[in-house]
Structures are given as structure tokens and as C-alpha cells.
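The structure that follows is given in the form of C-alpha cells.
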Amino acid sequence: MSLRLKTILGIASIEALLLLLLISMTLDYLRTTNYEGLSKRASTTATLFATTSKDAVLSYDLASLESFVNEVLKNPDLVYARVLGPEDQLFAQAGEKSVLARVFQADVMVEDVSDSIFDTYAEISESGVVYGRVEIGLDINSLTATIDEAKNKSASIAALEMFMVALFSLILGTYLTRQLKSLSDAAKTISAGNLAVQIPVKGQDEIAEVAKAFNAMAANLQEVSQRRDEFEGQLKELNHSLEDRVTRRTQELVEKNGQLEKANRDIQDTQAKLLQSEKMASVGVLAAGVAHEINNPLGFVISNLTTLETYVNNYKTLVAEYQDLFKITDSAERKQQFQRINQLIEEFDLEFMNEDLGDLLKDTHEGSIRVKEIVKGLKAFSHVEQGEVMQLADINDCISSTLKVVNNELKYHCQVAVELGELPHTYCLPGQIKQVLLNLFLNAGHAIDGKGIIKVTSCLENGCIEISVQDSGCGISKDDVGKLFDPFFTTKAVGEGTGLGLAISYGIIVEEHKGDIRVSSEEGVGSCFTVVLPVVLEAPE
Ligand SMILES: Nc1ncnc2c1ncn2[C@@H]1O[C@H](COP(=O)(O)OP(=O)(O)OP(=O)(O)O)[C@@H](O)[C@H]1O
Ligand SMILES: [Mg+2]
């Protein structure tokens with residue numbers, strides 16, 4: 001169904017409905033007022049007629065009644081009039097014969113009249129006594145004709161109006177749909193890609209406004225489209241130049257990458273060389289330390305051996321002289337030999353030699369033991385003596401058993417306070433951990449001159465086991481703190497420490513167990529060494 005038809009049908013049906021309502025209300029009003037007027041007129045006429053006839057009825061003046069009846073019939077539309085006595089005896093009547101012949105039946109409402117005559121009556125009474133009554137009949141044909149005419153006229157006006165409205169709707173609808181069609185045609189043209197479209201603008205109404213707006217929009221679209229085409233062109237150009245640049249840059253990057261790879265290889269080579277030289281330097285430091293450490297005992301061992309060699313030669317000479325003495329039988333010669341031997345004993349200072357021999361052997365033995373210890377320490381430092389495997393152990397047990405070992409050494413001048421927290425068992429090398437602890441306990445003991453306190457604690461902190469050994473000893477100078485873990489760094493007298501304890505401990509804790517050793521110290525107050533061990537719950541490979 002087209003918009004035009006919808007408009008016409010819509011407006012026509014609204015119009016028809018409204019007209020129907022208006023006409024029915026008007027006609028209803030017309031009918032009611034006319035019917036009321038007629039019924040009022042009938043009752044007034046009957047009452048007036050009854051009043052006029054009263055005296056004549058009372059005096060039984062039939063001639064007067066006759067004339068009254070004729071007089072009253074002059075009223076327009078009155079078709080008959082009748083005067084009756086108290087016992088319904090007819091006194092006078094006039095009107096059309098056919099009408100007078102009917103049996104009187106009073107009408108109450110005009111609407112109920114079926115024989116087109118409205119019959120009504122009025123009683124003739126005096127002081128409450130009824131002396132008779134008058135009956136009249138009014139023709140309602142002219143009234144119904146008037147109403148019918150009004151009905152017909154209203155219907156014609158309604159039909160005319162409906163026709164006019166339909167015609168106007170048709171014209172308006174046609175105009176509107178035509179404008180809309182031109183709009184939709186133009187929109188289709190635009191969507192097909194042709195933006196150079198304009199709708200003819202007619203008049204000044206809203207449709208014209210829409211057409212103007214549409215034309216402006218189309219013009220804008222065309223401008224934007226042109227600009228977009230231009231941009232697209234520029235973009236294509238840019239894209240081309242960008243591709244060129246990217247290709248060039250990529251080539252440059254590939255070259256740079258090659259250079260970087262070469263540089264990286266060079267760096268790796270240099271790093272390997274550096275590492276090698278650092279290793280060599282460490283070996284050098286180690287060798288220098290070892291040389292220094294071994295040199296001392298070895299020096300006096302060699303010097304002792306030289307002296308011992310002299311002593312042995314002296315003894316050999318003396319033994320040979322004694323052997324010669326046993327062979328001599330002549331007493332003079334034996335005396336002479338004795339003198340020679342005594343002379344040699346004096347010369348060799350045999351008494352001193354005998355005394356010195358013991359000392360020399362003891363010193364040489366001690367010196368050799370010391371060299372052996374240094375070599376043993378070195379072996380531990382270089383982890384030559386490995387073989388222990390990672391096992392689940394209780395660090396608190398390690399602490400307690402190590403404390404038992406050092407107890408003899410510490411108990412005379414130190415009070416050892418132990419505070420062990422609850423720790424999970426962890427995979428570690430318990431033997432090596434004990435070695436670390438032993439060194440820390442001994443260092444703490446050595447640091448305390450006279451009486452002092454060593455506090456040993458263990459706890460779990462941030463998922464790691466922490467063991468701290470705190471002493472009230474001499475403390476460490478700021479200069480020395482940085483050297484503590486250097487191999488052979490010691491402040492102890494020769495023979496008291498090799499300076500390998502902390503270096504070895506560092507290797508065990510940091511390298512073997514991926515833990516840490518922290519130091520805090522204040523000169524004259526004391527030091528605290530803290531060993532941090534990560535808790536390992538699964539057996540490492
Ligand atoms: N608790 C401490 N208080 C003061 N100084 C310390 C303490 N622990 C270590 N040091 C200093 O660090 C030096 C190095 O200690 P380290 O354990 O490595 O070797 P050492 O004890 O001298 O010899 P070794 O342990 O090989 O017998 C010690 O000589 C000492 O000067
Ligand atoms: Mg030590």
C-alpha cells in the first residue's frame with residue numbers, strides 16, 4: 001500500500017469517524033429539543049384548553065364548548081380536540097374524522113408515537129374534584145420532516161467534506177510522495193557512487209528545507225570524497241616512498257646486524273681471554289699466597305736440613321775415628337787417637353749438637369706438618385676432595401654437633417649462647433656446612449681476647465635458613481672487611497691461621513649451595529657472620 005493511499009485512508013477514516021460522532025450528537029440534540037418542545041406545547045395547549053373549558057363544562061354549556069373546540073383547532077399541527085364529561089361522555093369534539101374515530105391512547109414520549117399523532121389530555125378539575133377532561137392530538141409529521149431534512153443535509157455536508165478532505169489528502173500525498181521519491185532517487189544515485197546529484201527545490205515548506213539539507217549533504221559528501229581521493233593518492237605515494245625507505249633501512253639493519261654479530265663475537269673472545277687472564281691472575285695470587293705461606297716453614301726446614309747434614313757429617317767423622325780406634329792395638333797410638341777424638345768432639349761441640357739435633361728434628365717435623373696442612377687446606381679450597389653428595393639434613397643438628405667439637409677450645413674463655421629456631425630439613429652437603437660452621441666458631445673464639453660471648457642462632461626467614469654467629473670480639477676494620485673472603489687473608493700469627501677458612505666457606509655456601517654469607521662488624525664491639533641457605537626440598541640432580 002503506498003504512502004499516499006495510507007494518508008488518504010487514514011485521514012478519511014478519522015474524518016468519517018469524527019463526522020459520524022458530530023452528526024449523531026447534533027441530530028440527537030435536535031430530536032430531543034424538538035420532541036421536548038412538542039410535548040411541552042401539547043401539554044400547555046391541553047391545560048390551557050381544559051382551563052378555558054372548565055366553566056362551560058360546569059355549566060354544561062355545550063355550545064360554548066363546541067366553539068372552544070373549533071377555536072383550539074386553529075393551533076398549527078393540532079389535528080383533533082375533544083371535551084369529555086366526568087363519565088367520559090362526549091361533550092364536544094372537532095377534527096379529522098378518521099382521527100376522531102380511533103380509540104384515544106395517551107402518548108408519554110414523542111419518540112414512542114407510531115401513528116404520527118401525539119395524543120395527550122388534561123383533566124378539568126375544581127378544588128380536587130374532576131369534572132371531565134380534554135383530549136388533543138398534535139401532528140408530528142412536520143417535526144419529523146424537519147429532522148429528516150436536517151439528517152439529509154448533514155449527510156450531504158459530511159459526504160462533501162469527506163470528498164474534499166480525500167481530494168486534499170490526495171493532492172498533498174501526491175506532492176509529498178513525489179518529493180520523497182525524488183529524495184530516495186537521489187539517495188540511490190549517491191549510494192551508486194554518483195555524488196554530483198542535486199534535487200530541485202520548490203517552494204519554502206519543510207520538504208523544500210529537507211531538499212536543501214539533502215543537497216548540502218550531497219555537496220559535502222562530494223567534497224569529502226574528492227579530498228579522500230586526493231589523500232589516497234598522497235598516501236599511495238607516501239607508501240611507495242616508505243617501502244623504499246624500509247627496504248633501504250632493512251638493508252642497513254642487516255649490515256649493522258652483521259657488524260654487531262662480529263662485535264659480539266669479538267666481545268665474547270675478549271671476555272674469554274679476560275676470564276682466562278683473571279683465572280691466571282687468581283692462580284698467580286693463589287700461587288703467591290701459597291709460596292709465601294709455604295716459604296717460611298720450608299725455609300727453616302731447608303736450613304735445618306743443612307745444619308742436620310753438617311751434624312750427620314760430623315757424626316760420620318766421629319764414628320770413623322772410633323772405628324779406627326778399635327783397630328789400634330798399640331797403647332801410644334790409642335792415646336793419640338783418643339786425643340784426636342776429643343779434639344774433634346770439642347771442635348764439633350758435640351754436647352750442643354746432641355741437644356740441637358732434637359730441636360732441629362722437632363722444628364723440621366713441625367714445618368713439614370704445617371706445609372701439609374696448607375696443602376690440605378688448598379685441596380679443600382679447590383674442592384679436590386669432593387665426594388660428599390647432597391642429602392636431606394637438619395641444619396640445627398649440624399650446628400649442635402659442630403659446637404660439640406669446638407666446645408673444648410671455646411669453653412675456657414667464652415660463654416656460648418645457642419638459640420635454635422624450628423627449621424625444615426633441606427638438601428645440602430652437611431660435612432661441608434659443618435666445616436663452614438667450625439671456621440666461624442673458631443674465628444669468633446679467636447676474635448675474643450679474654451672473656452666474651454658467642455651467640456649462635458638459627459631461624460627461617462623469607463623461605464631461607466639463616467644461621468648467625470655473633471661474637472663480642474675485636475671486630476674487623478673497614479679496610480679488612482673487603483678482604484675477608486680473599487684466600488690467605490689472615491691477621492693471625494704464623495702458624496695460627498692459613499687465611500683460607502672464609503675463602504673456602506664462601507665457595508661452599510655461595511657456589512655449592514647457592515646461598516650467601518653476610519658480615520656486619522664494628523671494631524671493638526664485635527662481629528656477626530650470617531650464613532643464608534635456601535631451603536631445598538627436592539633432591540638436586
Ligand atoms: N669473628 C671475627 N672477628 C674478627 N675478625 C675475624 C672474624 N672472623 C674472621 N676474622 C678475620 O678474618 C681473617 C680471615 O679469616 P679466615 O677464617 O679466612 O682465616 P683464619 O681464621 O685467619 O685462618 P684459618 O681459618 O685458615 O685457620 C682472620 O684472620 C681475621 O682477621
Ligand atoms: Mg678461620
Side-chain angles (χ1 to χ4, degrees), residues 282 285-286 288-297 366-367 369-385 399 402-403 405-411 413-418 431-457 466-512 515-532:
S282 307
V285 169
L286 209 67
V290 173
H292 174 77
E293 280 302 305
I294 292 178
N295 234 6
N296 252 353
E366 272 177 10
I369 294 283
R370 176 133 178 76
V371 170
K372 192 184 163 195
E373 262 174 21
I374 290 171
V375 171
K376 202 171 123 195
L378 267 176
K379 270 186 181 173
F381 179 62
S382 60
H383 298 280
V384 175
E385 277 181 356
I399 297 172
T402 312
L403 275 172
V405 176
V406 288
N407 196 33
N408 261 336
E409 176 96 12
L410 304 177
K411 67 182 174 192
H413 71 299
C414 297
Q415 184 196 331
V416 182
V418 187
Q432 297 198 10
I433 298 282
K434 282 179 199 167
Q435 193 185 334
V436 171
L437 294 171
L438 184 78
N439 182 53
L440 291 181
F441 296 152
L442 288 178
N443 282 355
H446 291 157
I448 293 167
D449 194 17
K451 297 236 176 252
I453 299 170
I454 298 174
K455 194 173 173 193
V456 183
T457 58
E466 285 194 8
I467 311 148
S468 39
V469 182
Q470 194 175 358
D471 64 66
S472 61
C474 58
I476 307 158
S477 74
K478 285 212 171 68
D479 289 346
D480 287 351
V481 167
K483 302 178 203 159
L484 287 180
F485 298 100
D486 291 351
F488 302 113
F489 170 75
T490 182
T491 54
K492 290 168 191 174
V494 178
E496 275 177 35
T498 60
L500 287 172
L502 285 177
I504 293 169
S505 301
Y506 190 86
I508 293 171
I509 299 300
V510 178
E511 277 150 33
E512 299 278 355
D516 194 14
I517 304 182
R518 296 196 294 254
V519 190
S520 67
S521 182
E522 202 180 322
E523 258 184 299
V525 178
S527 314
C528 181
F529 283 74
T530 307
V531 173
V532 182

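One-based numbering along the sequence shown. Both ligands and their constituent atoms are indexed starting at 1 by order of listing. The shown structure was predicted, so the numbers you read here are calculated from the model rather than taken from an experiment.
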Value rounded to 0.5 Å, distance of OG1 in Thr491 from CD1 in Ile476 =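 Here the rounded value is 8.5 Å.
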
Distance-only, no hydrogens or angles: does the Asp471 side chain make a donor-acceptor pair with backbone N or O of Ser527 under 3.5 Å?
-> yes

May I ask which of Asp471, Ile448, Leu440 has a heavy atom nearer to atom 1 (N) of ligand 1 than the others do?
->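 Looking at heavy atoms only, Asp471 sits closest to atom 1 (N) of ligand 1.
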
How close does the nearest protein non-hydrogen atom get to atom 9 (C) of ligand 1, and which residue and atom is it?
->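 Going atom by atom, the protein heavy atom closest to atom 9 (C) of ligand 1 ends up being Asn443 ND2, 3.4 Å.
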
Should Leu484 and Tyr506 count as side-chain neighbours, where that means a heavy-atom distance under 4.5 Å?
-> no

Straight-line distance of Phe441 CZ to Thr402 OG1, nearest 0.5 Å |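 Result: 6.0 Å between the selected atoms.
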
Atom 18 (O) of ligand 1 sits nearest the protein heavy atom Leu502 N, 2.8 Å

Of all the non-hydrogen atoms in the protein, which one sits nearest to atom 22 (O) of ligand 1, and at what distance?
->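 For atom 22 (O) of ligand 1, the nearest protein heavy atom is Thr490 OG1, 2.5 Å.
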
Does Gly526 have a non-hydrogen atom less than 4.0 Å from ligand 1?
->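 No, Gly526 has no heavy atoms under 4.0 Å from ligand 1.
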
Does even one non-hydrogen atom of Phe485 get within less than 4.0 Å of ligand 1?
->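 So Phe485 does not count as touching ligand 1.
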
For atom 5 (N) of ligand 1, which protein heavy atom lies nearest, and how many Å away is it?
->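 The protein heavy atom lying closest is Ile476 CG1, 3.4 Å.
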
Got more than 12 heavy atoms from elsewhere within 6.0 Å of CZ, Phe489?
-> yes

heavy-atom search around atom 12 (O) of ligand 1 in the protein gives Leu484 CD2, 3.2 Å

Short list, please: which atoms of ligand 1 are under 4.0 Å from a heavy atom of Ala447?
-> 2 (C), 3 (N), 4 (C)

Looking only at heavy atoms, the pair that brings Gly499 and Thr490 closest together is CA-CB, 3.7 Å

Taking only protein atoms, how many N, O or S atoms are found under 2.8 Å from the Mg ion (ligand 2)?
-> 2

At what distance is the nearest protein heavy atom to atom 21 (O) of ligand 1, and which residue and atom is it?
->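 For this ligand atom, the closest protein heavy atom is Lys492 NZ, 2.5 Å.
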
Gly501 N/O under 3.5 Å from ligand 1 N/O =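 Yes; at least one N/O pair falls below 3.5 Å.
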
Just jot down the ligand 1 atoms closer than 4.0 angstrom to any heavy atom of Asn439, in number order.
-> 17 (O), 25 (O)

Ligand-side contact atoms (ligand 1) for residue partner Phe489, heavy atom cut-off under 4.0 Å = 13 (C), 14 (C)

Those residues at least two apart in sequence (or on a different chain) that pass side chain to side chain contact (heavy atoms under 4.5 Å, CB included) with Ser472 are Ile448, Ile453

Is the shortest heavy-atom distance from the side chain of Val456 to the side chain of Leu437 under 4.5 Å?
->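 No, every pair of side-chain atoms sits at 4.5 Å or beyond.
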
side-chain hydrogen bond (donor to acceptor under 3.5 Å, both in side chains) partners of residues 446-456, not counting sequence neighbours, each pair once =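 Qualifying pairs: His446-Lys492.
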
Distance, nearest 0.5 Å, that separates CG of Leu410 from CD1 of Ile454 | 4.5 Å

Quick one: does Gly499 get within less than 4.0 Å of ligand 1, heavy atoms only?
-> yes

Is Ser505 close to Leu440 at the side-chain level, that is, under 4.5 Å between some pair of heavy atoms?
-> no

Tell me, please, which residues at least two apart from Thr530 pass side chain to side chain contact (heavy atoms under 4.5 Å, CB included).
-> Glu466, Ser468, Arg518, Cys528, Val532

Can you tell me which residue and heavy atom of the protein come closest to atom 29 (O) of ligand 1, and the distance to 0.1 Å?
-> Thr491 N, 2.9 Å

Starting from atom 24 (P) of ligand 1, which protein heavy atom do you reach first, and at what distance in Å?
->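 Protein heavy atom at minimum distance: Thr498 N, 3.6 Å.
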
Approximate separation, where rounding is to 0.5 Å, of Phe485 CZ and Leu500 CG =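 Phe485 atom CZ to Leu500 atom CG measures 13.5 Å (nearest 0.5 Å).
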
One finds that the ligand 1 atoms under 4.0 Å from a non-hydrogen atom of Gly475 are 4 (C)

Look up atom CD1 in Ile509 and atom CD1 in Ile467, then write down how far apart they are to the nearest 0.5 Å.
-> 6.5 Å

